[in-house]
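Okay, so here's the structure we're looking at.
Numbered from 1 within each chain, the chains take letters A, B, ... in sequence-line order.
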2 protein chains.
Amino acid sequence: MDTIIAASRLEALGNPTRLSLYRALVRAGHGGLSVGDCQSRLGIAQSTLSFHLKALIVAGLVTQERQGRTLVCRANFEVMSGLVDFLVAECCRDECCGTSEASAA
Amino acid sequence: MDTIIAASRLEALGNPTRLSLYRALVRAGHGGLSVGDCQSRLGIAQSTLSFHLKALIVAGLVTQERQGRTLVCRANFEVMSGLVDFLVAECCRDECCGTSEASAA
DNA sequence: GAATTATTTCGATAAAACCGGAAATATCGA
DNA sequence: TCGATATTTCCGGTTTTATCGAAATAATTC
């Protein structure tokens, strides 16, 4: 995953309102939540919710599916998994040869 | 972990410059990197680096230790681990009873 | 204590984020 | 088509962020 893309996803999660929204969707699991359900849970203005929801969708963290009048939102678990993998990828790769003190040799 | 704290950490990682910086430290592993090493790797102004480094430190993602004239920076792996755990915590908790269709019952 | 190296703070500026109210769009039911 | 429900877009104002250069601080060495 590109650093730019990973950063945009982390940025999307890096707002308390959006993080709460995302976690509500994570808790909801497969079934997801309608936009209205999200709104009543978070208790913020609809326009504000729509704004943040869109940010999560653009980032690829959330998907939407229309069901009649309502839009069902779901967390995209694969994207989250990829993001987590990215964060820990290459951990300690440059830490060669088991030096126990910094800048040894 | 509090949502506010988690969001602040994700926000800290949600900037391409800071994410690159953090990943450089993750790659460096236990030995860490001096601020000067970070600067030469990222190729940005020192003031800019200092600004972003401070953000990571305030967020708790990075620690610093003085060694003579240099400040050694290290990724705080425990904090990262906690953050990852937070993201996947309570997954599907509200998805009761294995309904396969949304809003069944 | 003066010179040197390492790092941060300050000042300025342009860009972006955040928020809610009002209006617009889309779907359903009768 | 008309009315009701569900959701988004547009608008504006305020706050925050990102960036760099220049000056200041901190620790070391001679």
Rounded to whole Å, please give me the gap between CG in Leu71(B) and P in dT25(D). 17 Å

Calculate the interatomic distance between Ile57(A) atom CD1 and dT7(D) atom C1'; express it in whole Å. 11 Å

Taking 4.0 Å as the cut-off, does a side-chain nitrogen or oxygen of Arg18(B) come that near to OP1 or OP2 on dA18(D)? yes

Strictly below 4.0 Å: does Thr48(A) bring a side-chain N or O up to OP1 or OP2 of dG20(C)? yes

Rounded to the Å, how far apart are Leu33(B) CG and dA6(C) C1'? 15 Å

Gln39(A) CD to dG20(C) C1', in whole Å, measures 12 Å

Spacing between Leu42(B) atom CG and dA18(D) atom P, to the nearest angstrom: 15 Å

Counting distance only, does the side-chain N/O of Arg66(A) pair as donor-acceptor with the main-chain N or O of Gly68(A) below 3.5 Å? yes

Separation of atom CD1 in Ile44(A) from atom P in dT8(D), rounded to whole Å: 12 Å

Verify the contact: side-chain N or O of Asn15(B) to OP1 or OP2 of dA18(D), cut-off strictly under 4.0 Å; return yes or no. yes

What is the distance from CG of Asp37(A) to C1' of dT5(D), rounded to the nearest Å? 14 Å

Evaluate the side-chain proximity of Val26(A) to Val88(B): yes if any heavy-atom separation is below 4.5 Å, no if none is. no

Compare side-chain N and O positions of His52(B) against OP1 and OP2 of dT19(D) and report whether any pair is under 4.0 Å apart. yes

Reckon Ser50(A) touches a base, only the sugar-phosphate, or nothing at all at heavy-atom distances under 4.0 Å? base

Give the nucleotide from the list dT9(D), dC19(C), dT9(C) with an atom nearest to the side chain of Thr17(A). dC19(C)

Is Lys54(B) close enough to dT9(C) that one of its side-chain N or O atoms is under 4.0 Å from OP1 or OP2 there? yes

Do side-chain atoms of Arg27(A) reach the backbone of Glu90(B) as a donor and acceptor pair under 3.5 angstrom? no

Does Gln46(B) place a side-chain N or O at less than 4.0 Å from the phosphate oxygens OP1/OP2 of dA23(D)? no

In Leu49(A), Ile44(A), Leu53(A), the residue satisfying side-chain contact (heavy atoms from CB on, under 4.5 Å) with Thr17(A) is Ile44(A)

By nearest nucleotide on DNA chain C, pick out whichever of Gly68(A) and Leu49(A) is the more 5' one. Leu49(A)

Nearest to the side chain of Phe51(A), heavy atoms from C-beta on, is which of dC18(C), dT19(D), dG20(C)? dC18(C)

Residue closer to the 5' end of DNA chain D, Ser47(A) versus Arg69(A) (nearest nucleotide): Arg69(A)

Just N and O in the side chain of Gln67(A): are any of them under 4.0 Å from OP1 or OP2 of dA26(C)? no

May I have the distance from Leu13(A) (atom CG) to dA17(C) (atom P), rounded to whole angstrom? 15 Å

Hydrophobic clustering (ILVMFWY, side-chain heavy atoms < 4.5 Å, transitive) - are Leu10(A) and Val79(A) grouped together? yes

